[in-house]
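What follows is a short report on a single structure.
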Protein chains: 2
Amino acid sequence: MSISADTLRGHTDTIILAQLMRGDNYGYEINKNIQQLTQGEYGLKEATLYTAFKRLEQGGLIASYWGDDGPGARRRYYAITDEGRKRWAESRQEWENTRALLDALINVEEV
Amino acid sequence: MSISADTLRGHTDTIILAQLMRGDNYGYEINKNIQQLTQGEYGLKEATLYTAFKRLEQGGLIASYWGDDGPGARRRYYAITDEGRKRWAESRQEWENTRALLDALINVEEV
DNA sequence: ACGAGATACCTCGCCTGTCAAGGTATTTTA
DNA sequence: TAAAATACCTTGACAGGCGAGGTATCTCGT
């Protein structure tokens with residue numbers, strides 16, 4: 001986890017939505033996927049993760065149900081809603097914009 | 001100001017340092033430069049701006065002095081320190097990394 | 001001469017997202 | 001059968017952003 005979380009603040013929800021775009025999944029696994037995708041450089045803290053799930057569900061962007069199939073402890077699965085899909089698309093677009101802005105703001109043209 | 005500030009949270013200090021890399025400047029002007037660079041899409045709120053200056057100065061990344069030359073009210077100028085330059089270079093590098101991570105996390109490979 | 005508006009700085013208190021710490025329950029494995 | 005892994009959840013503290021409000025100076029039109 002070499003990335004300071006504060007620079008990713010505000011993107012947590014989008015990251016989770018993106019994972020759920022690939023299909024229903026449960027918290028632990030989602031977080032493992034995130035860690036894999038970033039070669040272990042980034043992962044959500046559990047408190048952050050579950051806070052985000054709660055927030056997203058209350059906002060109607062995801063829905064949850066209990067699944068008890070697999071090994072290990074019981075799992076709460078999450079599914080992205082239509083509204084969630086819409087939000088993801090928007091956030092993705094916004095990210096493109098933010099990225100361009102920060103590129104312009106953080107770099108200094110050579111003197 | 002169409003960009004939600006939370007997606008830029010954590011980058012405020014770096015943005016300010018980048019502006020000061022171009023030379024000494026004062027708060028109001030720095031913020032105007034930022035707005036210009038982003039075609040008015042982004043600007044720091046004053047409270048955010050001055051909070052950041054305080055934080056940066058206390059951290060030894062910038063230094064300030066009063067200048068009374070120009071028109072309008074008195075101005076407090078800021079100069080980036082050696083430590084500030086170092087920090088900017090680090091943050092810039094970290095941004096490259098963060099950008100790559102978010103690209104990987106927010107986009108979903110097609111099914 | 002003077003009031004409006006621009007310039008410029010600053011503080012207080014609220015809100016929100018992150019996370020360390022602590023807790024519960026189940027299953028696998030040595 | 002105890003340890004470790006899996007999996008979920010809550011509480012309280014903390015930090016950064018910012019709305020709202022405030023101060024002081026200068027310019028410009030009338």
| task | For the pair Glu83(B) and Lys86(B), find out whether any cationic side-chain nitrogen is under 4.0 Å from an anionic carboxylate oxygen. | result | no
| Pair Asn25(B), Gln19(B): side-chain N/O donor-acceptor within cut-off below 3.5 Å | no
Does [N] have OP1 or OP2 sitting under 4.0 Å from an N or O in the side chain of [X]?
X: Arg75(A); N: dA7(D); value: yes
X: Tyr26(B); N: dA8(C); value: yes
X: Thr51(A); N: dG17(C); value: no

| field | Aromatic plane relationship, Phe53(B) with Tyr78(B) - under 30° parallel, 30 to 60° tilted, over 60° perpendicular | value | parallel
| request: Specify whether His11(B) and Trp95(B) have parallel, tilted or perpendicular ring planes, treating 30° as the upper limit for parallel and 60° as the lower limit for perpendicular. | output: perpendicular
Between [atom2] on [N] and [atom1] on [X], what's the gap in Å once rounded to a whole number?
X: Phe53(B); N: dC9(C); atom1: CZ; atom2: P; answer: 7 Å
X: Tyr50(A); N: dG12(D); atom1: OH; atom2: P; answer: 21 Å
X: Glu57(B); N: dC9(C); atom1: CD; atom2: C1'; answer: 14 Å
X: Lys54(A); N: dT10(D); atom1: NZ; atom2: C1'; answer: 7 Å
X: Asn25(A); N: dA7(D); atom1: CG; atom2: P; answer: 10 Å
X: Arg76(A); N: dC9(D); atom1: CZ; atom2: C1'; answer: 9 Å
X: Leu49(A); N: dT11(D); atom1: CG; atom2: P; answer: 17 Å
X: Tyr78(B); N: dA8(C); atom1: OH; atom2: C1'; answer: 11 Å

| said: Mind checking if Glu46(B) touches a base, just sugar-phosphate, or nothing, with heavy atoms under 4.0 Å? | reply: base
| Asn31(B) side chain vs Leu44(B) backbone, donor-acceptor pair below 3.5 Å | yes
| remark: Residue pair Asp6(A)/Lys32(A) against DNA chain D: nearer the 5' end by closest nucleotide is Lys32(A)
| message | Is it the case that the base of dT16(C) and the side chain of Arg9(A) share a donor-acceptor contact (distance under 3.5 Å, atom types as modelled)? | response | yes
| request: Side chain of Arg55(B) only, please: which of dG17(D), dT11(C), dC9(C) is the nearest? | output: dG17(D)
